[in-house]
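Written below as structure tokens is the structure these notes are about.
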Amino acid sequence: MKKVVIAGAALAVLLAACSSSGEIVASVNDIDISRTDVESMVRDAGRGFTDADFATYLSVVIQWEATQQAALDQLGLEVTGQEIDDRVDQLVADFAAGATIEDYLQSVNASESGIRLYATQLILQEAIQEELSVSVVGVTDEDVANELRDFPMDWTRVCASHILVATQDEAQDVQSRLADGEEFADLAIELSTDVASGANGGDLGCAPPSGYVGPFGDATMSADVGVVTDPVETEFGYHLILVNERTEAPQDQVRLYLEQQANSSVVDDWFIAVIEAASVSVDAEVGEWVTDPEPQVLVSN
């Protein structure tokens, strides 16, 4: 999927276009972007601000200008000054308790105008998502069932413990001691080379099997609950695994995930379409605008 720089993608890129004086470096649908428009968004665009940095920031300016125009033209969306004020206040409050706007601007190397434009993009992004969500086809029971069938390791939660040793012979020795009645947790503390879990009796907590290395995850799916597995070999050594609990995610959780994915897909497609449809020109001395494999300004050699 192509990458577009929507507001939530990275706080480090705090840019959007606005009318200003200075050398014209690009235009989007006949709206000019000046060098000042780009550099004024950064708190310090002096030392260390390379041509490649400028091209990266200009890429975001272009994308945000195109989407802001389309939000107004296609969806009738505009952002008020009060909405921007409120969002900036929220950004500062979320940054740190008692922080000032200056603290926040310094931390992200952005100007106040840059932050306000970033806040504008956040607000627009949310409004665009809300507007487009009505076009998303509902998730069916069959969709949920297919998701659970096709990705069982993502939607299963296992609570497991293990004892990790270096060799198969060592693993078999652990099996013998377990058969003789020694406690799994005691042996994990004594023998496991995974010292973090070993100190807790081998307890790994609860997680989806997809988060484990392949053979280990597979074993947690197939093991009988409450029964220690035979040795399982992975790149880390040999594991004896005890699954204490295994549950499948509720269907409502899966349905919500699929709905969110569908909404995100519609929004992403809208952003890509409006950016690719925009008439963009870039000063040849600055770089070249391309949309494949993703929208960006390529620096001139």
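These numbers come from a predicted model, not from an experiment.
Panel note: side chain D53, backbone T50; a donor-acceptor pair is recorded below 3.5 Å.
Annotation: cation-pi pair R35/F54 present, NZ/CZ under 6.0 Å from the ring centroid and within 45° of its normal.
V144 belongs to a hydrophobic cluster whose remaining members, ordered by chain and number, are V139, L148, F151, W155, V254, Y257, L258; membership requires side-chain heavy atoms of ILVMFWY residues under 4.5 Å apart, directly or through intermediates.
Linking ILVMFWY side-chain heavy atoms closer than 4.5 Å, directly or via other members, places L204 and F236 in a single hydrophobic cluster. Note on V274: it clusters hydrophobically with W64, by side-chain heavy-atom contacts below 4.5 Å among ILVMFWY residues. Under the 4.5 Å side-chain heavy-atom criterion for grouping Ile, Leu, Val, Met, Phe, Trp and Tyr, I241 is not connected to L191 through any hydrophobic cluster.
Defined by atom type and a distance below 3.5 Å, a donor-acceptor pair is missing between the side-chain atoms of H162 and S192. A donor and an acceptor atom, one from each side chain of E170 and T167, are located under 3.5 Å apart. Under the 3.5 Å distance criterion, with hydrogens and angles disregarded, no donor-acceptor pair is assigned to the side chains of Q90 and D86. Inspection of the Q69 and E65 side chains reveals an N or O donor paired with an N or O acceptor under 3.5 Å. Between E259 and N263, the side chains place no donor N or O within less than 3.5 Å of an acceptor N or O (distance only, hydrogens not considered). Between the side chains of E130 and S133, no donor N or O sits under 3.5 Å from an acceptor N or O. D32 and S27 share no side-chain donor-acceptor pair at under 3.5 Å. Under the 3.5 Å distance criterion, with hydrogens and angles disregarded, no donor-acceptor pair is assigned to the side chains of N200 and S197.
Residue D30 qualifies as open at atom CG: its count of foreign heavy atoms under 6.0 Å is 12 or below.
Side-chain atoms of I101 and V88, non-hydrogen and from C-beta on, do get closer than 4.5 Å to each other. Proximity of E23 to T36: side-chain heavy atoms (C-beta onward) are nowhere separated by under 4.5 Å.
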Begin from the C-alpha positions of D37 and S34 and carry the test side chain to side chain donor-acceptor pair (under 3.5 Å) through to its verdict. CA-CA 5 Å; D37 291 333; S34 74; 3.2 Å; yes
